[in-house]
Amino acid sequence: MCGIIGCCSNHNVLHNTINGLKKLEYRGYDSCGITFLLNKEFHTFKSIKRIEDLSKNINIDGGLAIAHTRWATHGKVSLDNAHPIYSSDKKYIIVHNGIIENYLKIKDTYLKEYIFYTETDTEVIINLIDYLNKKCTMLESIKRLYEILEGTYACLIIDKNEDKIYFIKNKSPLILGFSNELIITSDILALPKNTKKYYRLKDGDYGYITKDTYSLFNINDQNHFLFLDYYPLNYDISLKGFKHYMEKEIYEIPDLLHNYINKKYENRIINTLKNSNKIYLVASGTSFNAASLGALFFSQISKKESYAFISSEFQIDNTYDDKAIFVVISQSGETADLIKAISKIKKKNYEVIAICNVENSTIKEMSDYFININAGVEIAVASTKSYTLSSLVMYQLANIIVDNDYKEKLTDIVDNISSIFDVKDKIKKIASYISNKEHLYYLGKGIDYLLCNEASLKLKEISYIHSESFPSGELKHGSIALISSSSIVIGIITDPSNANLIRNSLEEVKSRGAKTYVISLESLSLDSDSIIIKDFDKYLSFIPISIIIQLLAYFTALNLGNDIDKPRNLAKSVTVE
Ligand code: F6R
C-alpha cells in the first residue's frame, strides 16, 4: 500500500529519495510523486505510471524532498489525487499514508472557506494545518492533529518557509533512519544501504527533521524531547541471480528450515498455550491459510479446541472462554484488519501471541508474546517463505505443548527438502498447460483442502487466472455444476485417511470432461499422478507441497509475462481496512 519517504541533507537528495521510492514499489501502488523545497519554492513531479516514468521528468535536485507511492483509497488514480498534495494556498504540502475517517466532518467544522482540488482525504489534513497554523506554531499545529483526526495516518509535511520535514504518526508505520542524511519513511527497506541505525516511531510521536538534526516529541510525554532507542540496520535485499524475489524467496525455504531443528520457544509462551483450553487464531490472506493449518495442528496434535478466523470478519463476543488464548499471524506485522482484531481482543483482556516476520512491528507492540519467524525480508508481494515458516512454528508449538518429540521427522524434511526442486520441470509442464486457461479448481480434503486454499490464492494473485479450491466432499453439493470439458482440476493428496475420497471426487470431475492433475505422496500415488513426492510425516507434508504450489503459481505467472513481484492491485503491507 502507500509508501512515504522524506529526506533532509546538506547534499542533494534526489538519488536517495527515488531509490527509496523504488524500494517501496513492492508494497503496491498506482501513482507516485515527489516534491523538492528549493529557496522557499515547491517543485512537484507526479506520475500515474511507474517510478521510472516519474524519474524521467524530474529536472531538479535539492537538499529537501518528500515523496510518495499511492494506492488509491479515496479518489480515483489521477495526477491530482497523487501525492504530495498542496494546501489550497500552496503554502504547505503533505504526503500521507492511512485513512482519515472523519474527513467530511473536519471539512464541515473547520474548512468551509477552503477550496479543494483533489478527491482525497489527505487534502483535509493539509488544509487543516493551514487553518491551525494561523493561531499557533507549526509544531503545535502538528500536535493538534492528534486531537482532531480520526483514523490512521503517517504524514510528512512541509511549510515552504522552513527547511524542515514535520512528521506525525498514528497506527501507520514511520521510521527515522540515520545515514549521511536524515530520512523518514514508512518502510525500513526504503532506507539507503549506508544507514547505520534507525528508530521506529511510536503512535503519538511527532516532530521534525532538518538537514543536521531531529526533534521528537510524544503527545503523552508533555512535550519533553524524546531520546531514541536505535536499532542497527542489517538486511540484504539483493536478487542473488534470481529473476524475481518470489523465486528467490521460495528457494530460501530449505536453508531457513535448518534454523528450526533446534528452535527454542520461550517457556512463558509454551506455558500459556499449555494452560489454555481454547486456541483462537486470527490472520488475513495467506497468513489466514497458515492459521487454518495451525488450528488443525493444535486440535489434532495437541487436542486443544482451536479455530481460525479471518481478521476482517473477526467479531469478539462474550462466549470465549476465560482460558482462551489468541494467536495472530502476520508476515508484515502491520496489517490493518489484524490490528483492529487485536484491539478487540485486548479490550476483552485476552492475551495475544504474535507470530510475525517483522521485529518492532505494530502487531508485536500490541501483543503480549512475540515469535519472530526469522524468514528474512520478504519482498515479493505474494507471501511464500513466511507462509511455510509460520505454519512450521505452529506445528512445533502444537507438538511441544504435548511433549511430542518431532525432531526426527523435521530433520528428515530438512535433509531431503532440496530434492523437491527436482520436480521443477514437471511443475513447469503443468504451468505451461494452465497458463492460457481462465479457470482452475483445486480439490482436497482435511489438511489437503487447507493447502488447496493457499495454492488457489497464490495462483490467482500473480497469474490472474480465476482459481477456487473446494473440499472434495463439498463438490457434489453445488460446485460440480461448473465442471465441463474445459475445466482443469488439481488434486492434492498427502493424507492417507482422505486419499480415496479425493480420488473419488477427481474421478467425478474427470467423467464430466475435466482435465486433472494430481500432486501426491509416494505411498498414496498412482503412476498417472503428475507430481509424486517422497513420503513425509502427514503433518509436515505442507512444507514440500507449499513449495510446489508456490512454484506452480510462479511459473504460470512467468509464462504470462506478469509483473510477478508486484501483482496488479495488490500491496505487500495492507495498512488500510
Ligand atoms: C498473499 C499475501 C496476503 C497477505 C495478507 C496478510 O500472498 O501475501 O494475502 O498474507 O495481506 O498480510 P500479513 O501476513 O502481512 O498480515
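Counting convention: from 1, in listed order, for ligands and their atoms alike.
- Among all non-hydrogen protein atoms, the one lying nearest atom 7 (O) of ligand 1 is E461 OE2, 2.6 Å.
- When only non-hydrogen protein atoms are considered, atom 15 (O) of ligand 1 lies nearest to S332 OG, 2.6 Å.
- Salt-bridge annotation for R200 and E334: present, with a side-chain N of the basic residue lying under 4.0 Å from a carboxylate O of the acidic one.
- No salt bridge links K202 with E365; every basic N to acidic carboxylate O contact stays at or beyond 4.0 Å.
- Under the ring pair (Phe, Tyr, Trp, His ring centres under 6.0 Å) criterion, F370 pairs with no residue at all, not counting sequence neighbours.
- Listed by number with element, the atoms of ligand 1 under 4.0 angstrom from any heavy atom of V381 are 7 (O), 8 (O).
- Within ligand 1, the atoms closer than 4.0 Å to a non-hydrogen atom of K458 are 1 (C), 7 (O), numbered from 1 in the order shown.
- Annotation for ligand 1: atoms under 4.0 Å from non-hydrogen atoms of S284 are 5 (C), 6 (C), 10 (O).
- By the criterion of a heavy-atom distance under 4.0 Å, both the backbone and the side chain of T286 are placed next to ligand 1.
- Residue contacts with ligand 1: V574 is placed with no nitrogen or oxygen under 3.5 Å of a nitrogen or oxygen of the ligand (distance criterion only).
- Y307 and F309 have tilted rings, their planes meeting at an angle from 30° to 60° on a 0 to 90° scale.
- Remark: aromatic rings of F242 and Y251 are close, center separation under 6.0 Å.
- Checked by atom type and distance alone, the side chain of S276 never pairs as donor or acceptor with a backbone atom of I279 at under 3.5 Å.
- Against a heavy-atom cut-off of under 4.0 Å, Q331 is close to the following atoms of ligand 1: 13 (P), 14 (O), 15 (O), 16 (O).
- Residue L338 does not touch ligand 1, judged by heavy-atom distances below 4.0 Å.
- Across all non-hydrogen atoms, the minimal contact from S367 to A354 is OG-CB, 3.4 Å.
- Taking the charged nitrogens against the carboxylate oxygens, D205 and K169 have no contact shorter than 4.0 Å, which rules out a salt bridge.
- Aromatic ring orientation, Y153 versus Y146: tilted (interplanar angle from 30° to 60°).
- Each of the atoms 10 (O), 13 (P), 14 (O) of ligand 1 lies under 4.0 Å from some heavy atom of S287.
- The protein atom (non-hydrogen) at minimum distance from atom 16 (O) of ligand 1 is T335 OG1, 2.5 Å.
- In the vicinity of A382, heavy-atom distances shorter than 4.0 Å reach the ligand 1 atoms 7 (O).
- Within ligand 1, counting atoms from 1 as listed, the ones closer than 4.0 Å to a heavy atom of S330 are 13 (P), 14 (O), 15 (O), 16 (O).
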